[in-house]
Amino acid sequence: KFGYSVSLGQDIDTALAIGAPNHNRVDVWKLSNSSWSLAYSNIGDDIPNVIPLNSTSGTVTIDSKLSSNVSSLQYGFSCKLAPFGTHLIVGAPGTPLDAISSTNSNYSGSNIPHAQRQSGSVRVFTTTDDWVSTVSQLGQTFSGLEYDGSNHITNNGNLFFPTLGYSVAINFDGSVIAMSAPNRQSGTVSAYEYSAVSSLWEPRGVDITSGSGLKTGFSIGLDYTGNRLAVSMITNWANPALQNAQLYVLDWSGSDWIES
């Protein structure tokens, strides 16, 4: 799946980010003298693919590779370069599994069926030398585990994992980001602003969600400044999804996201 997600710098169009989620990798390629060459590559194997099981049994770790030799984390499923090519946000929503079992995880109980992805993760990188050698992570790594206060995502025996990182967005200077977790019940979109004081991403308003039966954040986009956010939603059911798709545009008021 090399090229499953791609992002070209808008102001500096000589930088290109390419996701290869089956290999748990995202690359940055640079254009010079009419030729593209690999400048930077990041592999997400250091991120544990952990899912909450229930409030008493804690968490389960999914094997890093599935039987088909596909990365279970799907790092690079989504990626987005800031317009000047100085920042890169990467999403890893996980791979759909037929069941949680001892064959694909460290879980030893009876098989638990589900048809969703996993908890998901997101992180941001920045460069000071055009992706040559000075590249560092900016702020914390986001985990879908943070999206359920009771430390479990179960409902009548079914699992509903957030799939954080299904879609990601970033503004022109990498100071504002957004990420979606559409498989969290009703779906969620979260925006953050980077704080140079705490060196962390701080929430920008409350999470954006919708009514039940919708996957909020199936796709998202930020404008150049990071003050306007577009959010798409589809139904949880596959067949009527196209007929029931919705799109909302919201503006940042300084304290909250308001429908435009």
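Since the structure is predicted, the reported quantities are computational estimates derived from the model, not experimental observations. Values below: all heavy atoms of this structure, side chains included; hydrogens, waters and symmetry mates excluded.
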Which pairs of donor and acceptor atoms, one on a side chain in residues 251-260, lie under 3.5 Å apart (sequence neighbours left out)?
unit_1	atom_1	unit_2	atom_2	d
Asp251	OD1	Arg228	NE	2.6
Asp251	OD1	Arg228	NH2	3.4
Asp251	OD2	Arg228	NH2	3.0
Asp251	OD2	Ser260	OG	3.3
Ser253	OG	Ser255	N	3.3
Ser253	OG	Asp256	N	3.1
Ser253	OG	Asp256	O	3.0
Trp257	NE1	Arg204	O	2.9

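- With 3.5 Å as the limit, one finds no donor-acceptor pair spanning the side chains of Thr95 and Ser72.
- Clustering ILVMFWY residues whenever any of their side-chain heavy atoms sit less than 4.5 angstrom apart, transitively, puts Val135 in a cluster other than the one holding Trp29.
- Crowding of His87 atom NE2: a count of heavy atoms from other residues, nucleotides or ligands under 6.0 Å exceeding 12.
- Under the 30°/60° scheme for interplanar angles, the aromatic rings of Phe77 and Tyr166 are found to be tilted.
- Judged purely by distance below 3.5 Å, without hydrogens or angles, the side chains of Asp27 and Ser41 pair a donor atom with an acceptor atom.
- Connection of Ile47 to Ile43 is not established within any shared hydrophobic cluster, with ILVMFWY side chains joined at heavy-atom distances below 4.5 Å, either directly or through further cluster members.
- Remark: Glu202 engages no residue in a salt bridge (Lys or Arg N to Asp or Glu O under 4.0 Å) (not counting sequence neighbours).
- In this structure, the separation between CG on Leu138 and CD1 on Ile177 is 8.5 Å, given to the nearest 0.5 Å.
- Between Ser35 and Asn33, the side chains place no donor N or O within less than 3.5 Å of an acceptor N or O (distance only, hydrogens not considered).
- You'll find the ring centres of Tyr40 and Trp131 inside the 6.0 Å limit.
- Side-chain contact, Thr225 with Asp223: a donor N or O sits under 3.5 Å from an acceptor N or O.
- Here OG of Ser136 is found 9.0 Å from CZ of Phe125. Values are rounded to the nearest 0.5 Å.
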